[in-house]
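The structure under discussion appears below in the form of structure tokens.
Here is the naming used below: chain letters follow the sequence lines, and residue numbers restart at 1 for every chain.
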Amino acid sequence: MSVQLFIELAGLVAAFLLIYGLKRMSSPVTAHGGILLAGIGMLVVILASWVHVLDVPPAAQSGLAIKIVLAIVALALGLGWAAWTGRRVAITAMPQMVALYNGMGGGAAAAIAAAELIGGTSMGGVHWVVTLLGASIGSISLSGSVVAWAKLDGRLGTPWRVRGQHWLNGGVLAALVAFGAGVLATQSGAGMAVLAILFFVAALGLGVLATLPIGGADMPVVISLYNAFTGLAVGLDGFVIGNPVLMIAGMVVGSAGTLLTLLMARAMNRSVSNVLFSNFGEIDTTSAGTISGRLKPAEASDAAIAMRYAGKVIIAPGYGLAAAQAQQKLYEFVKLLQAAGVEVKFAIHPVAGRMPGHMDVLLAEAGVPYDLLYELDEINEEFADTDIALVIGANDVVNPSARTEKSSPIYGMPILNVDRAHQIYVIKRGQGKGYAGVENALFYADNCNMVYGDAQAVLAQMVQAIKALGEAAPQEQAA
Amino acid sequence: MDAQLAIGGVIALYIFLLAVFTGYEVISRVPAILHTPLMSGSNFVHGIVVVGSLYALLDATSILGVVVGFFGVLLGAANVAGAYVVTERMLQMFKPSDRKPR
């Protein structure tokens, strides 16, 4: 069997395993097996590609031993560093690490295209165009993802905006196209090298400029978009180097990532173009409507006991829960309620957490079974016959103004109908406003009580209150 | 890259077309609960880029080509390993409530 055929067949097996694995990842029951299958596929194709050592073209034979050593070093360093950081990162910091790894993939895709520009003088016109496309998309994904990582990791401050931002970005994009056309026209020599360098600089700059103005709340959509970008760049690279596995895997991610981006944006009531080209957070917040009623503080123990004797409790967690590291305590409390025969469900808003689905992962980490987690559409009808809704560290996603207040910046965003429950308890750190800077009418509603304090401490008191009750109960029976 | 299987422009478009539909179909019915792991999972799948980088490094004919290829393999390896570890960590946490609550 020829070397080439062996690699192609291994690639076929890998392509099947990657796609089938991704398919299994789309249901919670089979998801873990899915990533294992995809991992096996990836291992097969990486190992098989080493056989290419036997089949290196004659022009590249010189120094092959050194190149093999360098490849092993690069693989060891890259795998080692990423496996180490990936294992250590906290689940709360997951979004920015996904962005960082994705940016590196974009960088690798850009490198493949750059290598092609360096070595491939005998390419046809289509090849040149596709190579340049792959190079620019990969570069934008690299620099954009790194900016996204730095922002979510708190290494960059407030969104950076200048007057005429769109014109600046448009100018850089025009320069990018012009440099690309220059590379295409010259195709070789020192002039081409200079133009190619300018081309990469413009692409990297565009990624930075396009990402800097975007606010933290919109960042997940951007990360998902760059994920699709990297996939697209990898697919185009696959065409350039004539490798079908890269073409298939890259394009599958390109389209899956695009769809995922649209789904996330829809869940957040934002359009992708809105995210990229408008500046969220610069809305006049002084025009917020008048809110009647008053805030009614409650004791943690009272809230706990009320829930202990309720028939049905729905919990609406927000990022404040994870910020206080209180997921474990919450689940401990939930288990006590379940043991007392209370029906408990979690209502997960699509944007609870730092990215869609992030809250599910954070709760799963604490051991909460996924069949207790319900999406907005599944559970919103149920609030009306729920005795108690418990809101923890969430604000904007339960703000009824989103339904009624046309002047509100969150108007139109789908919210959890927590206000329809018979009784509402809100655990909140202080009297501050939410991410969008809007007052929350829910907190002033007649059936709502506020439990102020750190979520971890409040939940500990609530657990304590129920346990004390449990200890008292047998004595009552004995008496 | 003349040693590779030649894939003509139109055949490439066929492959791209089918891959785009496949990606769309695979993702279209995913519940919101899995959005984050799935994004990470697809991040892992495009880590296949490390294979292309490996070819670029091994087939390089100049010092510059070797340097670019080296960084390609380094970044690609980080992509594939990081995304795998993170995705696996997230997904192994998802458990159904088979054990009755105590």
Please classify the contact between [X] and chain B as side chain, backbone, both or neither, with a heavy-atom cut-off of under 4.5 Å.
X      : result
A:V234 : side chain
A:P28  : both
A:L142 : neither
A:L372 : neither
A:M94  : side chain

* Asked: For chain A, which of B:I27, B:V73, B:T22, B:N43 has the most heavy-atom pairs under 4.5 Å?
  -> B:N43
Heavy-atom pair with the smallest gap, counting every atom of [X] and [Y]:
X      : Y      : answer
A:S224 : B:M39  : CB-SD, 3.5 Å
B:F44  : A:I35  : CD2-CD1, 3.9 Å
B:V68  : A:A114 : CG1-CB, 4.0 Å
B:L54  : A:S49  : CD2-OG, 3.3 Å
B:I48  : A:A249 : CG2-CB, 3.7 Å
A:M25  : B:L91  : CG-CD1, 3.8 Å

Can you tell which part of [X] gets under 4.5 Å to a heavy atom of chain A, answering side chain, backbone, both or neither?
X     : result
B:V45 : both
B:I33 : both
B:L58 : both
B:S53 : both
B:V86 : both
B:V66 : side chain

Could you measure the distance from the [atom1] atom of [X] to the [atom2] atom of [Y]? Nearest 0.5 Å is fine.
X     : Y      : atom1 : atom2 : answer
B:Q92 : A:H32  : CD    : NE2   : 5.5 Å
B:L57 : A:I112 : CG    : CD1   : 11.0 Å
B:Y55 : A:L246 : OH    : CG    : 9.0 Å
B:H35 : A:H358 : NE2   : NE2   : 14.5 Å

* Structure fact -> Counting heavy-atom pairs under 4.5 angstrom with chain B, the leader among A:T230, A:I46, A:L18, A:I248 is A:T230
* To do: Pick whichever of A:V29, A:I91, A:N102 has the most heavy-atom pairs under 4.5 Å with chain B.
  => A:N102
* Asked: Got more than 12 heavy atoms from elsewhere within 6.0 Å of OH, A:Y20?
  -> no
* Asked: Taking A:S255 for the side chain and B:Y24 for the main chain, is one N or O donor matched with an acceptor at less than 3.5 Å?
  -> yes
* To do: Would you check if there is a donor-acceptor pair between the side chains of A:N227 and B:H46 at a distance under 3.5 Å?
  =>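 Side-chain D/A pair, B:H46 to A:N227: present.
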* Asked: Is there a side-chain contact between B:F21 and A:V252, using heavy atoms and a 4.5 Å cut-off?
  ->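 Contact flag for B:F21/A:V252 side chains = no.
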